[in-house]
Amino acid sequence: MTVGVLALQGDFAAHARVLSDLGAEVREVRVPADLDGLDGLVMPGGESTTMTLGIEREGLGDPLRAFAATGAPIFGTCAGLIMLDREHLQIMDITARRNAFGRQVRSFEADLTFPDLDGPPVRAVFIRAPWIEDAGPSVEILAEVDGHPVAARQGSLFVIAFHPELGDDIRLHERFLADVRAHVGAP
Amino acid sequence: MRDEATFRVKVGLAEMLKGGVIMDVVNADEAKIAEDAGASAVMALERVPADIRRDGGVARMSDPAMIKGIQEAVTIPVMAKARIGHFAEAQVLESLQVDFIDESEVLTPADHAHHIDKWAFKIPFVCGATNLGEALRRIGEGACMIRSKGEAGTGDIVEAVRHLREITGAIRRLTMLDEAELFVAAKELQAPYDLVRKTAQDGTLPVPMFCAGGIATPADASLVMQLGAQAVFVGSGIFKSEDPAARARAIVEATTHYADPARVAAASEGLGNAMQSLEARKLDDTELLAGRGW
C-alpha cells in the first residue's frame, strides 16, 4: 500500500512522518508521474496560492482529477481542502472560504468532536484556516466551529480545515489509511 | 476550549511556510508580483538590504501605511521587520496584525544586550542565527522560526552556507553526547539546557529552520535546501535582478525541486542578470550585518 503526499510546498514532511509511523509506504508527489500506482493521496497544508500555481506549472490538474475519479481516497487538510474545492481542482462539491477566521493572530486550537470517532475530542490546530462556505447535497459535514463547517466527507474524499499532523493525535490519519486499505481491498 | 497564540499555533504558521520562498518587497506592486510568482509569504520593508547597505544610516521598521497597503494587495502571509530589541516596533507590528515579525539584524539594532521577549506577543517571531547557541537563545526567548543569517544584501551565498553548516553540524555533534556532556554543551553554547537536550534528542531544532542572506539564483536555493534549510528567504535577490518576475518563479520552482538538478537547470535558463553582488569577504567588519545579535 503506497500513499502519496503532494509535496509542492507546505508541511508535507509532517504528514509523511505520521503516515510512515503508521506503517504506510509514502511517496512525495511533485510531478504527474509520481501519482502512478498510488493507493491514496494527502493534500497537505501550506499556502493555497503557491500550491495552485505549482499545480498549474507541473500540469497536475488533470492527473489529480483523474486520480480522484478512480475512487482512491484523498485526504485534504487546510490548503488541501481549498485545492479540492469548486474554484480550484473542482474535485469536491464544496466552496472553501480562504483565511476565513482571519490573519495569523486569529489562528487557534480547539477541541472538535467527530460523530464517528471513539475517544476524546480531537485537539485541532487551525492556522489561517479556511472553512466550508457552501457544500452540495452529497457532502456530509462532520464538524463545525462557530457554526461553520471545518470537516467534511464526500465519498472517497475527506477534508478538514485544521492540522492533525502538527499534534500527536493520529486518529484521523488512521482513518484515512483505513479508507485506503478498504479501497485496495487489503486486509 | 478555544486557545489563540499557543506556541503550537504560532509555530504552526512556520510549518505551513516550509518548502516555499519568502520574498522581500517594498510596495504593493512588488508584493503582487511576488504572490503571482508563487511566494509563500512576503516580507514588507522600506528598503531591501542591498539598498540599506548602500544608503547607510539607521534602518528602522517600515511605515505602517506601506505595510497595510501590502496586506490589502495580497492574501498570502505578510511579515515585517522590527529592530533587534525594539519591542515597541514589534508592538506596532502586532497591532497591524502582520502574520510574522522578523526581529532582524538587517535593521539597525535598538538594544545592544537584549533581544525582544517574544513570549509576550501573540504574533510569531522569526530571528536570525549564525550558530546553534544563538539559535537556541532566540528560541528560549520565544522565537517560532530560525533563519540562518547569511550576509543580507550581498548576493553572495558563502555566509549563508557557513551559518547553515555551523548550525546543522553542531546539532549532529550534539546528538552524540551523553547526558553529562549535554550540561557542558549547554554551558559552551550559552543556551538553555532543556533546549539543548531536546535538540540532541530530536536531532533537529525545536522550530523550523529557514535560510536567508545571499540567495540570488535557483541553484543557490537548491544548495541551501540540500544543506538542511526547510525554506528560503530571498531579499534583494529578486527585485534587484534584471527580471524579477521570472527570477521569482524560477527560485520557487527550484525550491520545490531542489533535489532534482535537471529541474533546477531548467529553472535557471534565461533569467538575465542576477542582482549586482558584493563579495562578503571583501566587506569591512563594520559593514557586516550578521554580527548583530547577542
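Just so it is clear: chains get the letters A, B, ... in the order the sequence lines come, proteins before strands, and each one is counted from 1.
In this structure, the portions of B/Glu253 lying under 4.5 Å from any heavy atom of chain A include both its backbone and its side chain. Using a 4.5 Å cut-off between heavy atoms, B/Gln71 touches chain A through backbone and side chain atoms alike. Interface remark: A/Glu165 contributes side-chain atoms only to the contact with chain B (heavy atom separation under 4.5 Å). Neither the backbone nor the side chain of A/Ala124 comes within contact range of chain B, judged by heavy atoms closer than 4.5 Å. Looking at B/Thr75, both its backbone and its side chain come within 4.5 Å of chain A, counting heavy atoms on both sides. For a residue to count as touching a neighbouring chain, one of its non-hydrogen atoms must lie under 4.5 Å from one of that chain's; by this rule B/Ala39 touches chain A with the backbone only. Contact of A/Arg57 with chain B is made through the side chain alone, with heavy-atom distances under 4.5 Å. In this structure, the portions of B/Leu13 lying under 4.5 Å from any heavy atom of chain A include both its backbone and its side chain. Proximity to chain A (any heavy atom under 4.5 Å) is restricted, for B/Asp36, to the backbone atoms N, CA, C and O. Residue contact with chain B, scored on non-hydrogen atoms closer than 4.5 Å, involves the backbone and the side chain of A/Val105 alike. Neither the backbone nor the side chain of A/Phe162 comes within contact range of chain B; no heavy atoms are under 4.5 Å apart.
Residues B/Gln226 and B/Tyr258 form a side-chain contact, since some pair of their non-hydrogen atoms from C-beta on lies under 4.5 Å apart. Proximity of B/Met16 to A/Leu166: side-chain heavy atoms (C-beta onward) are separated by under 4.5 Å at one or more points.
A/Gln104 and A/Ser107 share a donor-acceptor pair across their side chains, judged by distance under 3.5 Å alone. Donor-acceptor pairing under 3.5 Å is recorded for the side chains of A/Gln154 and A/Ser138.
Residues A/Phe126 and A/His163 keep their aromatic ring centres 6.0 Å or farther apart. For A/Phe158 and A/Phe176, the ring centers are positioned 6.0 Å apart or more.
Look at B/Arg8 and A/Glu109 and you find a salt bridge, because one of the NZ, NE, NH1 or NH2 atoms lies within 4.0 Å of a carboxylate O, short of that distance.
Among B/Ala37, B/Gly20, B/Pro208, B/Ser40, the residue making the largest number of heavy-atom pairs under 4.5 Å with chain A is B/Ser40. In terms of non-hydrogen atom pairs under 4.5 Å with chain B, the most contact-rich of A/Arg106, A/Arg98, A/Arg128 is A/Arg128. Chain B forms the most heavy-atom pairs under 4.5 Å with one residue out of A/Gly102, A/Ala13, A/Gly46, and that residue is A/Gly46.
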Q: Just do the side chain to side chain donor-acceptor pair (under 3.5 Å) check on B/Gln91 and B/Ser95 with the steps written out, would you?
A: CA-CA 6 Å; B/Gln91 289 162 352; B/Ser95 79; over 6 Å; no
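Geometrically, B/Arg147 does not engage B/Phe210 in a cation-pi contact defined by less than 6.0 Å to the ring centre and at most 45° from the axis.
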